[in-house]
Amino acid sequence: MVTMTDVALLTAMAILFVVAGPVLLIAKGLRLSIIPSLILAGLFVGQLGLIDGALMLELARLGIAFLVFTFSVQIHTEEVRTVVSNTEVVAIVQAFVLGVLGILFALVVGIVLESGVVPGVGLEEPVTVEQALFVGIAAALSSVIVGTALFAKPQSDIVHDYLSSEIDSVSDFLAVFVLLVVSAGTFALDPIATQFGYGVMLLGAAIVINRYLFGIMERLASGSDEAMLISIVALLIVFLAAADFLDTSIVVGAFAAGLAVRDNPVEYSEVFNGLNSIQEFFVAIFFATVGALVTLPSPLAVTADPSATLGPFVPVATIALGLVVLTVVIKPIVIGVLLVYNGYDRRSATVTGLTLDHVGAFSVIVAIEALILGLLIEPVFEGIILAAAVSMILSNLTHTYDEEIYGLLVDRGWLGQPYHDVDDWNSVPEDMSDHVVIVGYGRHGRRLVEFCEEVDQPYVVIENNPQALPDLRANCGAYVFADAIEPETADASNLEAARLVISTADSKPLTEHFLSFSDTVDVIVRTRELPMAADLIERGATYVIVPDLLAADQLADSLGALLNGEYDPDELRAESMSELNPERAPPRFSTAESTSHTGEPNR
């Protein structure tokens, strides 16, 4: 039976899209970014008061729950490690540092407001340590959901893409535990312990289903996309019902449901393509609801009585401003310093920080849950939501112009010198010339190294991923461990005396850098886009690697050999198995490692 609440939710969703649709069309026509457009459309809906506030909170909870489900489906539980990597340590340390700074900031704001320093400005309730804790959570946690949505094109296969995804993923896992604490409705130990127990039960059930029962579902579906889709939806409903029965957050239930699903896009491509479409739908709802939840003073009210209207908004704006500074300015600095300390180059560290400079989606749902349960006062909630909207818009800009921002910081000398001298991290003979420079030691880079060694061709590998450094030292006769774009790297690799430069990474900055040497050195670069490939050839590239074309050519060659009798099926199968041999795979997340359609590096 459809209730009035269900109808009201559908009406609220319809209103959001009726307003957001024309705004998106205008943004698309003017080539504006979609994310800010969605937030502004939601802001317009919220300011007009077209949707009841309580209803908007419920819509946000449901929308984020479904969005979290579609993203957690992409997590591979078999790859969870018991050993914490350096990147995960960076994620935890930065969350701790930003969380502490956020708490201290909120407490200072509360003390100042209570002291009456600013006449006519104050809060009806004090900012306690518990209230400040939520400001710290908002400052500490970014989100893979927001970060992935901000990418206007498929992620490139560069180190900073992996770093940002890894740090965001850790933040999302931390947020799940925070949600369990908030779901207790109190900060007493026993209810929190009970919620943690429920959370462990849900996550444990998800892993058991993923490992042992999901295969049975696949066999019963017998390749039917419709049967598999219905099974996945039923699984989601079961976990949502379980979370509701246990009186814990439905977002935790949705997260567990996603973990229970085994991502198998090959056999059930239509199902997972459908989930991607659902993901895009709820991404739009998420950003629109964030905008709709923003509370701003009415211009008419400000005109009629400025002091009475602006007085209550000052604490909200102050908290929001502080959070924006912490997430957009302080967080990238902290992340950059930690990554450089762990051996990453300045460019990767800086660009990673600029990708994570926002209040995360989980921070929004934590604030909503806390408000509904009475743990958070409205001015602090409104400050967090306002900061989320502003930081997401700014993060969209910083991600778009990350290379320009990095160049500006380097030119002004604000990033200091590289963490290590290039000369201390390379093994290149002084008389090296007429050699091949291979940029990236991922799968393609390794194959190129093997070929050069087979034909006795001198080579130099350039790599900037610390995880690949042991293999570089063990397997490469000549290498430079550094950022490929730094001038010192070109000198160390003797690039201008090279015979050929091969960039195996699809990166616009790298491509532009190496094309600048095309007058004196043959240059091979990589791109996913055919029109771009033609443009690169015209600009001086000797050859452009286009993965789709190479795959098609290889398939045509193999098929021709099979039909002409040069191969029999067993020989072709044996060759394919040799190509897919896991022992030949590079270490995880090498600079030039190609990515799959889900945006995760190949393993």
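- Between F71 and V283, some side-chain heavy-atom pair lies under the 4.5 Å cut-off.
- Taking the side chain to side chain contact (heavy atoms under 4.5 Å, CB included) definition, one finds that I15 meets it with T11, V45, L50, I51, sequence neighbours left out.
- Closest of all the heavy-atom pairs between A132 and V127 is N-CG1, 4.3 Å.
- From S72, atom OG reaches atom CG of L259 across 5.0 Å, with rounding to the nearest 0.5 Å.
- N210 places a side-chain N or O within donor-acceptor distance of the main-chain N or O of V261, the cut-off being under 3.5 Å.
- Two residues are said to be in side-chain contact when any heavy atoms from C-beta on lie closer than 4.5 Å; F313 and L296 meet this criterion.
- In this structure, the side chain of K331 engages the main chain of A139 through a donor-acceptor pair within 3.5 Å.
- The CD atom of E125 sits 9.0 Å away from atom CD of E378, with the distance rounded to the nearest 0.5 Å.
- Of all the heavy atoms in A60 and I368, the pair that sits closest is CB-CD1, 3.6 Å.
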Item checked: Verdict with reasoning, L174 to F362, per side-chain contact (heavy atoms from CB on, under 4.5 Å) -> CA-CA 9 Å; L174 292 175; F362 270 110; over 6 Å; no
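- In this structure, the side chains of E403 and V351 come closer than 4.5 Å at one or more pairs of heavy atoms.
- Side-chain atoms of V182 and F134, non-hydrogen and from C-beta on, do get closer than 4.5 Å to each other.
- Residues passing the ring pair (Phe, Tyr, Trp, His ring centres under 6.0 Å) test with Y198, sequence neighbours excluded: none.
- No more than 12 heavy atoms of other residues, nucleotides or ligands shown are found within 6.0 angstrom of OH on Y401.
- Residue F196 qualifies as enclosed at atom CZ: its count of foreign heavy atoms under 6.0 Å is above 12.
- With sequence neighbours excluded, no residue satisfies side-chain hydrogen bond (donor to acceptor under 3.5 Å, both in side chains) with T194.
- Considering CZ of F287 and CG of L38, their distance stands at 7.5 Å, rounded to 0.5 Å.
- Residues in residues 286-296 take part in no side-chain hydrogen bond (donor to acceptor under 3.5 Å, both in side chains) pair, two or more places apart or across chains.
- With contacts defined as side-chain heavy-atom distances shorter than 4.5 Å, the pair F66/T70 does not qualify.
- Residues F187 and L133 meet the side-chain proximity criterion, which asks for heavy atoms closer than 4.5 Å.
- At distances below 3.5 Å, not a single donor-acceptor pair connects side-chain atoms of N86 with backbone N or O atoms of N342.
- Q131 places a side-chain N or O within 3.5 Å of a backbone atom of L375 that can act as its donor or acceptor partner.
- For the residue pair V359 and M392, the shortest heavy atom distance occurs at O-CE, 3.3 Å.
- D345 and S348 share a donor-acceptor pair across their side chains, judged by distance under 3.5 Å alone.
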Notebook entry, point to check: Between V181 and F177, does a side-chain contact (heavy atoms from CB on, under 4.5 Å) hold up when you go through it step by step?
Noted result: CA-CA 6 Å; V181 174; F177 290 103; 5.9 Å; no
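- Note: F381 CZ to I385 CD1 = 4.0 Å, rounded to the nearest 0.5 Å.
- Put simply, the residue from V340, V334, I335 that forms a side-chain contact (heavy atoms from CB on, under 4.5 Å) with L338 is V334.
- Atoms OH and OG1, from Y344 and T87 in turn, are 3.5 Å apart once rounded to the nearest 0.5 Å.
- Here V328 pairs with V324, D357, S391, L394 under the side chain to side chain contact (heavy atoms under 4.5 Å, CB included) rule; sequence neighbours left out.
- Annotation: side-chain hydrogen bond (donor to acceptor under 3.5 Å, both in side chains) contacts of Y406 (sequence neighbours excluded): E486.
- Residues satisfying the side chain to side chain contact (heavy atoms under 4.5 Å, CB included) test with A188, not counting sequence neighbours, are T186, P191.
- I393 is not listed as a side-chain neighbour of I35, based on a closest heavy-atom distance of 4.5 Å or more.
- The heavy-atom pair separating L16 from A288 by the smallest distance is CD2-CB, 4.0 Å.
- Between the T398 side chain and the S395 main chain, a donor and an acceptor come within less than 3.5 Å of each other.
- Scanning both residues, R346 and L415, for their nearest heavy atoms gives CD-O, 3.9 Å.
- In this structure I26 satisfies the side chain to side chain contact (heavy atoms under 4.5 Å, CB included) test together with L30, sequence neighbours excluded.
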Using atom types as modelled, flag every donor-acceptor pair under 3.5 Å from a side chain in residues 93-113 to any protein atom, sequence neighbours excluded.
residue, atom, partner, partner atom, Å
Q94, NE2, A91, O, 3.4
Q94, NE2, A140, O, 3.4

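- The minimum heavy-atom distance between A367 and I384, with the atom names listed, is CB-CG2, 4.2 Å.
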List the atom pairs, with distances to 0.1 Å, where a side-chain N or O of residues 232-256 and a protein N or O form a donor-acceptor pair under 3.5 Å, not counting sequence neighbours.
residue, atom, partner, partner atom, Å
T248, OG1, Q195, OE1, 2.8
S249, OG, V251, N, 3.1
S249, OG, E369, OE2, 3.3

Notebook entry, point to check: Hey, mind stepping through H399 and L354 against side-chain contact (heavy atoms from CB on, under 4.5 Å) and telling me if it holds?
Noted result: CA-CA 6 Å; H399 175 71; L354 292 174; over 6 Å; no
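- Partners of E130 according to the side-chain hydrogen bond (donor to acceptor under 3.5 Å, both in side chains) rule, which considers only residues two or more places apart in sequence or in another chain, are T128.
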Per-pair distances, 0.1 Å, donor-acceptor, side chain in residues 314-323, under 3.5 Å, sequence neighbours excluded:
residue, atom, partner, partner atom, Å
T318, OG1, V314, O, 2.7

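- Between the CD1 atom in I167 and the CD1 atom in I92 there is a gap of 11.0 Å [rounded to 0.5 Å].
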